[in-house]
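Read the structure below first, then the notes.
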Number of protein chains: 2
Amino acid sequence: MTTRRRPGLGTNQELARRHNLGTVLRHVHGAGQISRAELTGLMGLNRSTIAALVNELEALGITERVPPVEGTPRQGAGRPSAGVRVADRGPFVIAVDLGVDRAVVASIGLGGRVLQRSEAPVRSDGEAWQVGAAVAGLIRCVVEEVPDAAQLVGIGISVPGLVRSSDGLIRLAPNLEWHDVSFGGIVLAALGLDVPVSIANDADLGALAEHVRGVAVGVDDLIYVSGNVGVGAGVITAGVRLEGAGGYAGEVGHLRFNPAGRECHCGNRGCWETEVGAHAIAEAIHCPLDKVAQLDEVLAGFGEPSPALRATGTALGHGLASIVNVFNPRQVVLGGYFRSLYALVGPEVEAGLADRALPAPLESVTLTLPGLGSDSSLMGAAEIALEPLFVDPVAALGTALVGVGARLAG
Amino acid sequence: MTTRRRPGLGTNQELARRHNLGTVLRHVHGAGQISRAELTGLMGLNRSTIAALVNELEALGITERVPPVEGTPRQGAGRPSAGVRVADRGPFVIAVDLGVDRAVVASIGLGGRVLQRSEAPVRSDGEAWQVGAAVAGLIRCVVEEVPDAAQLVGIGISVPGLVRSSDGLIRLAPNLEWHDVSFGGIVLAALGLDVPVSIANDADLGALAEHVRGVAVGVDDLIYVSGNVGVGAGVITAGVRLEGAGGYAGEVGHLRFNPAGRECHCGNRGCWETEVGAHAIAEAIHCPLDKVAQLDEVLAGFGEPSPALRATGTALGHGLASIVNVFNPRQVVLGGYFRSLYALVGPEVEAGLADRALPAPLESVTLTLPGLGSDSSLMGAAEIALEPLFVDPVAALGTALVGVGARLAG
DNA sequence: GTCCTCCGTCCTCTCGTACAACAAATTCTG
DNA sequence: CAGAATTTGTTGTACGAGAGGACGGAGGAC
């Protein structure tokens with residue numbers, strides 16, 4: 001991820017300092033461990049400047065120094081550079097992935113280190129406050145063994161639905177049957193805490209996670225297409241998340257696909273989702289309706305793809321072609337049950353894409369599976385919760401909470 | 001437009017200075033004239049800092065000071081603030097809008113001031129070097145009366161086609177029947193000059209121009225949908241142009257629209273372009289084929305819309321719905337012949353959009369006509385040519401040419 | 001074993017912005 | 001109409017951050 005300047009604002013030297021400190025931390029976070037020499041090269045700053053920044057992070061208790069011996073195997077002459085590593089007992093966040101049938105919660109430190117993890121099934125017809133209470137229980141679980149000195153920076157929540165970016169309100173989550181739910185407030189109330197909460201769409205977070213530490217590291221234009229009962233996409237362009245005016249960008253599931261097709265729950269006819277959505281696929285493979293939420297596992301158990309499944313693969317490819325034409329990504333990551341589907345009918349998907357995409361955007365795009373498996377959205381939730389730390393480490397630690405384990409236990 | 005930090009780079013203090021100097025100039029450029037007090041407020045810097053920056057721009061001959069008397073009518077007490085204005089005889093650029101049947105060329109100064117303007121018809125089956133020669137002739141025309149002291153910063157060219165962002169190569173321009181044409185080099189060779197040339201897609205530049213000085217000033221998420229024989233879109237998100245990996249993003253003309261529809265020249269069937277493209281509309285209104293390039297004028301002469309035209313309006317709205325769902329813009333600007341079409345069947349377009357878009361993205365979007373009329377792409381071409389000036393004024397002036405009028409005449 | 005290369009630390013230098021003080025210009029107020 | 005209040009331009013100073021050089025240290029290359 002890249003930060004973006006506010007339009008038209010000037011650069012204060014205090015601002016520059018904050019940016020540099022945050023960027024160093026971002027690099028350490030991205031690599032897990034990195035040498036000072038690498039930081040110097042990456043950031044284009046002087047050795048002495050990098051030293052000052054690293055020392056400050058160390059004084060803040062965020063990073064720790066590593067003797068050069070443990071570093072990467074030497075290459076070339078010269079004195080080996082000391083490493084910078086994420087500190088044990090450093091700041092951490094809580095990531096929540098609200099799925100269609102289960103919730104996964106984890107405490108995650110910088111560098112993407114999962115400290116503890118817990119999950120539980122969630123009733124799809126549950127009220128928001130019930131789900132919130134369940135999530136709060138899981139959160140209590142995953143902070144139990146976190147060291148008391150560690151600071152909780154915030155909570156990140158991944159939701160399968162439309163989330164307003166300005167305030168994190170869940171405008172619509174079809175699978176949960178939620179409308180205008182302020183889930184962040186619900187969880188905080190259930191916990192009795194007050195920490196920053198960030199909420200975003202699951203596909204957006206999948207894209208973010210794959211960009212930071214998944215299969216798309218270094219790729220600045222990518223799309224994460226998520227099959228998750230509904231179909232959505234997270235878009236990263238020039239290294240930045242595409243949000244749109246309200247935060248709803250990437251709703252590719254309701255691209256017009258076949259005006260003569262089936263009715264969609266959105267009220268239209270022939271949305272792409274009616275062809276490659278979970279219900280369509282379940283119907284195509286004669287999967288019982290109560291198994292729709294576990295479509296990924298069902299598909300994974302398949303041996304030979306049926307003709308109907310092949311047709312679905314082609315439809316997936318055709319829809320991806322529209323997406324590739326419109327966004328011109330360098331990589332398309334297929335998440336959710338599209339992973340199993342792609343494993344079954346990959347050739348059909350590729351062929352459908354190649355058949356319908358324009359030559360110019362097609363020539364530079366690759367189709368891949370997520371590098372984080374089914375944890376993309378969870379890791380993405382951790383990323384948005386960590387984000388303030390990279391914008392201004394000092395300020396973020398200022399609002400962070402200490403001793404959360406004890407506070408939630410008592 | 002907003003600049004964006006390179007991912008992971010550090011902020012040098014020299015860099016900060018350049019950014020601040022460029023940002024001041026960007027504000028002056030955007031407003032035409034602005035007071036130092038306003039700059040102080042906008043950029044969040046100290047009075048003395050702004051004074052230093054303004055003085056430097058003045059020393060560079062880019063801006064000039066305006067006595068406070070001529071400024072805007074006073075409001076409130078206090079000493080009136082001196083104004084900063086774009087200098088006469090300041091730097092300028094050459095903007096080229098390569099249309100389907102004509103080329104428009106203008107010399108344009110900061111603040112969007114058109115110095116001279118010239119245009120000529122272009123044969124649609126012309127070879128690239130022929131068109132290049134014609135454009136070069138127009139360029140000689142528009143620099144004739146430019147003061148000798150004025151510096152030419154660069155040339156910006158708007159092209160109806162796919163342009164590779166890395167080097168400005170025109171990959172494909174269907175209407176001109178060009179493949180992989182390096183038009184920038186051709187024009188420079190015909191001129192015998194060596195200045196920076198920027199080339200981009202016409203819809204992208206339309207979006208840019210409308211964002212900077214058109215109907216979308218202050219709107220950071222907008223889409224300019226251009227009907228121009230082919231159909232394309234320029235997207236601006238969070239104030240930044242959406243380019244994609246190769247620069248081809250925004251090819252909405254080949255979104256799948258009706259798989260049972262007509263064949264498209266791209267090889268597929270039922271692209272959106274086959275329903276709302278110039279040829280489809282011409283057919284619907286029984287317009288002779290040789291008039292397709294002037295479809296805008298033909299439509300403008302229409303009185304009452306025919307049922308076929310109404311259907312086209314609905315199709316336009318339906319397609320826009322997909323675009324709105326995917327990008328979640330705050331404003332959609334209809335350019336090219338969509339202007340006349342919208343004037344005729346606006347209600348159908350609006351209804352089609354409202355019918356098919358998701359409620360959340362729909363509620364914040366507005367449909368408008370361009371504020372710059374048919375000059376959007378031309379002004380956008382000027383913008384990309386001016387861009388280096390806002391990134392680093394000193395460096396951009398360093399590579400600029402002086403006395404271009406005499407040089408091209410002799 | 002010696003030289004070379006590269007890195008961390010320390011110190012000083014430079015440069016850009018912030019800040020404070022003063023003068024100037026205009027509006028507000030009595 | 002005159003003085004107060006307000007806001008701005010200008011100037012000089014202070015602070016802070018990064019650059020650059022000098023030095024010593026650690027390892028590889030020959």
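Here is how names work: the chains are called A, B, and so on, in the same order as the sequence lines, proteins then strands, and each is numbered from 1.
- For D:dG20, the base has a donor-acceptor partner in the side chain of A:Ser48 [N/O atoms by modelled type, under 3.5 angstrom].
- On a pure distance criterion of 3.5 Å, no polar donor-acceptor pair joins the side chain of B:Arg79 and the base of C:dT26.
- Residue-level contact check: A:Arg36 touches the backbone only, with heavy atoms under 4.0 Å from sugar-phosphate atoms and none from bases.
- As rounded to whole Å, 17 Å separates atom P of D:dT13 from atom CG of B:Asn46.
- With distances taken from any side-chain atom of A:Arg47 to the nucleotides D:dA22, D:dT8, D:dA26, the minimum falls on D:dA22.
- What separates CZ of B:Arg17 from C1' of C:dA18 is a distance of 14 Å, to the nearest Å.
- Between C:dG16 and B:Asn20, no contact under 4.0 Å exists linking OP1 or OP2 to a side-chain N or O.
- When side chains are defined from C-beta on, A:Val146 counts as touching A:Gln116, because their heavy atoms get closer than 4.5 Å.
- Side-chain N/O atoms of A:Gln13 and base N/O atoms of C:dG16 include a donor-acceptor pair closer than 3.5 Å.
- Between the CG atom of A:Leu15 and the C1' atom of C:dA18 there is a distance of 14 Å, rounded to whole Å.
- Whole-Å rounding puts the A:His19 NE2 to D:dA17 C1' distance at 14 Å.
- Contacts of B:Ala82 with the nucleic acid, taken as non-hydrogen atoms under 4.0 Å apart, involve only primed sugar atoms and P, OP1 or OP2.
- Straight-line distance from the CG atom of B:Leu21 to the C1' atom of C:dC15: 15 Å, rounded to whole Å.
- Counting to the nearest Å, the P atom of D:dA17 and the CD atom of A:Glu14 are 8 Å from each other.
- With the nearest nucleotide of DNA chain C identified for both B:Thr49 and A:Gly83, A:Gly83 has the one nearer the 5' end.
- The two residues B:Ala150 and B:Gly90 make their nearest non-hydrogen contact at CB-O, 3.5 Å.
- Residue contacts for A:Arg65: at a heavy-atom cut-off of 4.0 Å it reaches the sugar-phosphate backbone alone, with no base atom in range.
- In this structure, the nucleotide among C:dT17, D:dA19, D:dA17 sitting nearest to the side chain of B:Leu45 is C:dT17.
- B:His29 and B:Glu383 are linked by a side-chain donor-acceptor pair at a separation below 3.5 angstrom, with hydrogens and angles left out of the test.
- Of the candidates A:Ile62, A:Val54, A:Leu57, A:Leu25, A:Val54 is the only one forming a side-chain contact (heavy atoms from CB on, under 4.5 Å) with A:Val84.
- One atom, CD of B:Glu38, and another, P of D:dT8, lie 10 Å apart when rounded to the nearest Å.
- Once rounded to the nearest 0.5 Å, the distance linking CG of A:Leu115 with CD of A:Glu145 reads 10.0 Å.
- The distance from atom CD1 of B:Ile50 to atom P of C:dC19 is 14 Å, rounded to the nearest whole Å.
- One finds a side-chain N or O of A:Ser81 lying less than 4.0 angstrom from the OP1 or OP2 phosphate oxygen of C:dG8.
- Here B:Asn12 lies in heavy-atom contact (under 4.0 Å) with sugar-phosphate atoms only.
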